Amino acid sequence: MMMTSLSSVATTLEAILAPSEPLELPPELQASTQALNDLWGEALKRIEPQVTPSALQTWIHPLVPHALEAQQGSITLLASSRFNCDYIQKHYKSVIEQTLSSLVGYPLKLVLTVGEAPLITASTLQARHTSQPQPLAPSNLSPHEAQAEAERLLKMQAIAISADAHRAWTPQSNRAKLNPRYTFEQFVAGQGNRFCHAAAQQIAQQPGIAYNPFFVHGRVGLGKTHLAQAVGHYLLQHQPNLRVLYATAEEFTNDMIQALATKKLDAFRDKYRKIDALIIDDVQFFEGKDKTQEELFHTFNALHQHNKQIILTCDRPPKELVQLQERLVSRFEWGLLAHIELPDVETRKAILRKKAQREGMTLRFHLEEEVLTFLAQTFDANIRELEGAFNKLTAQCLLLEKSFTLEEAQQLFGQEASERAINEHRILAVVAKHYNVNEADILGPLRSKEVAHARSMTAYLLRDKLHWSFPQIGRFLGNRKHSTMVYAIDKFKDELMQQPTLAKTLQSLAL
Ligand code: ADP
Ligand code: MG
């Protein structure tokens with residue numbers, strides 16, 4: 001329930017006025033986390049008219065309530081970076097303190113710390129570190145060096161974690177189990193995910209009408225969860241009274257098992273059926289689980305019959321879910337199937353730029369275009385990995401208080417990068433292997449069909465992946481003419497359009 005009056009704030013506050021909140025909340029205090037969230041939700045509403053919309057959006061909304069220490073009269077909020085802490089401390093401390101103090105009825109001091117809610121924060125890491133300093137430091141260092149190294153690691157970890165901290169929060173989205181960061185605003189559309197993105201937007205605007213169910217499938221780390229949750233956020237932003245629920249297939253399964261064990265099947269059914277939109281993530285998890293499939297089937301029907309939106313994500317298309325009942329497979333195909341693919345380099349760079357902006361990085365450090373390109377080209381399998389690499393780099397920037405050059409970035413990722421980086425040699429080797437021809441033949445004069453085809457594919461990939469110019473491609477491929485390369489690449493593109501299997505082959509190349 002959303003907080004509506006001061007008296008209800010006071011009632012729920014009783015739950016959180018524990019003398020000293022531990023850093024890691026035991027399960028029995030989960031309810032107080034909710035109350036703390038409600039308090040912060042109420043505070044946000046009151047702060048809103050007092051600051052500019054952009055200040056609210058950039059600085060205040062992303063804060064996450066962490067702990068309220070009644071005895072010390074302090075409230076701890078988590079911010080995504082040290083920079084954000086400093087900035088908020090300087091500019092918004094008093095408005096936040098005054099609002100919260102007036103809500104709880106006694107003076108509260110604001111404590112800002114870097115971290116992610118609710119379990120791991122910089123201070124949790126610090127606490128762990130204090131009790132067991134040894135494992136963090138390499139053993140051949142002097143005690144002083146070890147201490148410094150441990151501190152460095154802790155700092156890096158805290159910064160990396162904070163980079164993924166929650167960005168926005170409303171009581172409704174919290175209840176719907178949505179990650180506040182997975183909104184349309186934070187999703188970059190581009191080649192690879194454009195169709196899915198457009199479809200998701202349409203569904204968000206016409207839930208239950210446009211396409212039902214919406215089935216998003218694709219490899220891991222390409223944004224399926226993000227996009228599915230973005231629809232949920234959009235629905236709640238535009239119709240806050242809608243009941244939206246996100247659950248992974250695993251959570252759905254566990255919930256059902258629990259309900260069976262405790263004979264609370266009715267409550268389980270209410271939870272999943274008496275709602276307006278249901279998002280179930282990673283439905284491949286249901287494979288081989290007959291009982292859960294049975295329940296899912298009825299849940300699906302109940303929702304679908306009432307035009308309630310169903311959104312499903314999966315690592316493959318429904319037809320490939322071989323251990324799923326046929327009636328579920330066919331229902332999954334009733335609405336819209338959307339395949340999410342790896343975004344191209346430019347989109348991957350745009351994702352990083354957006355992330356940098358969100359983290360406040362761009363305010364502090366200059367991000368070289370070539371560094372972004374290097375990251376986007378190197379980490380080309382999965383956006384989560386790309387984000388991980390970016391976190392590592394930005395953590396270093398913050399630690400060393402400096403921007404990074406391309407050489408330094410290359411050094412940082414060392415072996416990993418050189419092994420992964422797509423370069424002309426890797427392209428050549430992979431294509432040669434695929435066609436079972438010699439690399440030297442691709443670069444040489446031979447004109448057999450196989451070799452010619454391998455050559456065209458290499459030329460195409462040099463252009464597509466490395467953005468080489470035609471003369472550059474010609475020089476690399478045995479000093480061939482610029483015009484020959486233009487022709488070969490055009491012809492290859494035509495073939496790609498006409499032969500879906502060729503496009504599949506290209507995707508499957510281990511580049
Ligand atoms: P999946 O569910 O497909 O495994 P996720 O939705 O968990 O992938 O995405 C992995 C990470 O990459 C998340 O942090 C997500 O925010 C980010 N991400 C993926 N695609 C995009 C995109 N197009 N724009 C912004 N962030 C993205
Ligand atoms: Mg996912």
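Atoms considered below: every heavy atom in the structure, side chains included; atoms not considered: hydrogens, waters and symmetry mates. Since we're looking at a predicted model, the values are computed, not measured. For ligands, and for the atoms within them, numbers begin at 1 and follow the listed sequence.
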Distance under 4.0 Å to a non-hydrogen atom of [X]: what atoms of ligand 1 satisfy this?
| X | value |
| --- | --- |
| V188 | 22 (C), 23 (N), 24 (N), 25 (C) |
| V220 | 4 (O) |
| N193 | 23 (N) |
| I351 | 21 (C), 22 (C), 23 (N), 24 (N), 25 (C), 26 (N) |

Is there a donor in the side chain of [X] and an acceptor in the side chain of [Y], or the other way round, less than 3.5 Å apart?
| X | Y | result |
| --- | --- | --- |
| Q507 | E341 | yes |
| N179 | Q229 | no |
| T373 | K349 | yes |
| D282 | T248 | no |

With a 4.0 Å cut-off on heavy atoms, does P343 reach ligand 1? no
Less than 4.0 Å is my threshold; does some heavy atom of R181 fall inside it relative to ligand 1? yes
Of [options], which has the heavy atom at the shortest distance from [atom]?
| atom | options | answer |
| --- | --- | --- |
| atom 2 (O) of ligand 1 | T225, T347, D282, L227 | T225 |
| atom 17 (C) of ligand 1 | Q186, H197, E387, E185 | E387 |
| atom 18 (N) of ligand 1 | I383, L386, T313 | I383 |

Judged by atom type as modelled, is there a donor-acceptor pair below 3.5 Å linking the side chain of K289 to the main-chain atoms of F285?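 Yes, the answer is positive, given that a donor and an acceptor are paired below the 3.5 Å cut-off.
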Tell me the salt bridge (Lys or Arg N to Asp or Glu O under 4.0 Å) pairs involving residues 290-310, sequence neighbours left out? R269-E295, R273-E295, D276-K308, E294-R327
Quick check: does L222 get an N/O under 3.5 Å from an N/O on ligand 1?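 Yes, at least one N or O pair falls under 3.5 Å.
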Distances under 2.8 Å only: what protein N/O/S atoms are near the Mg ion (ligand 2), ordered by chain and residue? T225 OG1
Criterion side-chain contact (heavy atoms from CB on, under 4.5 Å) on Y182 and T225, from CA distance to verdict: CA-CA 8 Å; Y182 290 170; T225 301; 3.9 Å; yes
